[in-house]
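Encoded as structure tokens, the structure appears first; notes follow it.
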Amino acid sequence: MFVVDVDQRDGWWIVAASGEVDVATAPALRATLIDVVPAGGRRVVLDLTRVDFIDSFGLGVLVGALKRLRTHGGDLRVAASEGSVRRALELTGLDRIFDLAASVDEAIAERPVPVDE
């Protein structure tokens, strides 16, 4: 069963999905991510740590959410522990596009800003 929940913590909107993100469930995840932006969500963590499988439709939702948030001056981080979801992101090269973390706590942790030399 696919479930998606929204919560807020430390100035971040946490969109947590569980189950499988595929052609049947991706539209629900997309709708939730779209609704977060007008509600004020600019810093979003997509928690996929409880997702067992993600297909190309699900990956497309992630790319669309990133574009939407960046258009509105926002940030999207993805929490994906080791497993099939992380492997899908790595195999498609999306791990180089998304700010990946192993957990929500790691995703919302302040990170040092790189210094240009």
Side-chain angles (χ1 to χ4, degrees):
M1 173 167 61
F2 179 75
V3 177
V4 63
D5 294 308
V6 178
D7 197 6
Q8 293 182 42
R9 183 169 32 146
D10 298 331
W12 288 87
W13 289 66
I14 314 298
V15 177
S18 61
E20 295 186 354
V21 181
D22 57 22
V23 65
T25 60
L29 180 59
R30 180 179 183 272
T32 301
L33 289 165
I34 287 172
D35 290 345
V36 164
V37 175
R42 294 296 180 270
R43 297 182 347 149
V44 177
V45 174
L46 179 55
D47 180 3
L48 301 177
T49 58
R50 294 186 319 261
V51 171
D52 305 317
F53 172 81
I54 190 165
D55 69 5
S56 60
F57 289 97
L59 294 173
V61 167
L62 273 64
V63 172
L66 179 63
K67 287 180 182 180
R68 185 172 301 103
L69 281 160
R70 285 191 177 163
T71 299
H72 290 89
D75 186 19
L76 175 68
R77 296 181 181 175
V78 177
S81 54
E82 296 302 317
S84 64
V85 173
R86 190 174 269 273
R87 279 192 304 279
L89 292 167
E90 291 168 351
L91 287 171
T92 58
L94 292 175
D95 63 322
R96 294 186 299 271
I97 295 171
F98 289 103
D99 187 349
L100 291 181
S103 68
V104 171
D105 289 336
E106 183 181 312
I108 63 176
E110 289 301 319
R111 299 184 185 154
V113 177
V115 178
D116 293 333
E117 295 182 36

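Only this structure's heavy atoms are used, side chains among them; waters, hydrogens and symmetry mates stay out. Source: prediction; values computed, not measured.
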To the nearest 0.5 Å, what is the distance between [atom1] ([X]) and [atom2] ([Y])?
X     : Y      : atom1 : atom2 : result
Arg87 : Ile54  : CZ    : CD1   : 13.0 Å
Leu48 : Leu100 : CG    : CG    : 9.5 Å
Arg70 : Asp75  : CZ    : CG    : 7.5 Å
Gln8  : Arg43  : CD    : CZ    : 11.5 Å
Leu46 : Leu69  : CG    : CG    : 10.0 Å

For side-chain hydrogen bond (donor to acceptor under 3.5 Å, both in side chains), just list the numbers for Thr25 and Asp22, CA-CA rounded to whole Å, side-chain angles, deciding distance to a tenth of an Å, and then say yes or no.
CA-CA 5 Å; Thr25 60; Asp22 57 22; 3.3 Å; yes

Do any N or O atoms from the side chain of [X] and from the backbone of [Y] form a donor-acceptor pair under 3.5 angstrom?
X     : Y     : result
Arg86 : Ala80 : yes
Arg42 : Val37 : yes
Asp47 : Thr49 : yes

Atom CZ of residue position Phe57 - does it have more than 12 heavy atoms of other residues, nucleotides or ligands inside 6.0 Å?
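Check fails, neighbour count at 12 or below.
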
Arg30 atom CZ, neighbour heavy-atom count above 12 within 6.0 Å:
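Counting neighbours around CZ of Arg30, 12 or fewer heavy atoms of other residues, nucleotides or ligands fall under 6.0 Å, so no.
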
Run Asp105 and Ser103 through side-chain hydrogen bond (donor to acceptor under 3.5 Å, both in side chains) and show every step you take.
CA-CA 5 Å; Asp105 289 336; Ser103 68; 5.2 Å; no

Please determine if Arg9 and Asp7 form a salt bridge, counting it only when a charged side-chain N lies under 4.0 Å from a carboxylate O.
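Salt bridge flag = no for Asp7 with Arg9.
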
Mind checking whether [X] and [Y] have side chains closer than 4.5 Å, heavy atoms only?
X     : Y     : answer
Phe2  : Leu29 : yes
Leu94 : Val78 : no
Val61 : Val21 : no
Val63 : Leu59 : no

Should Val44 and Ile97 be counted in the same cluster of Ile, Leu, Val, Met, Phe, Trp and Tyr side chains packed under 4.5 Å apart?
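Yes, one cluster joins them.
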
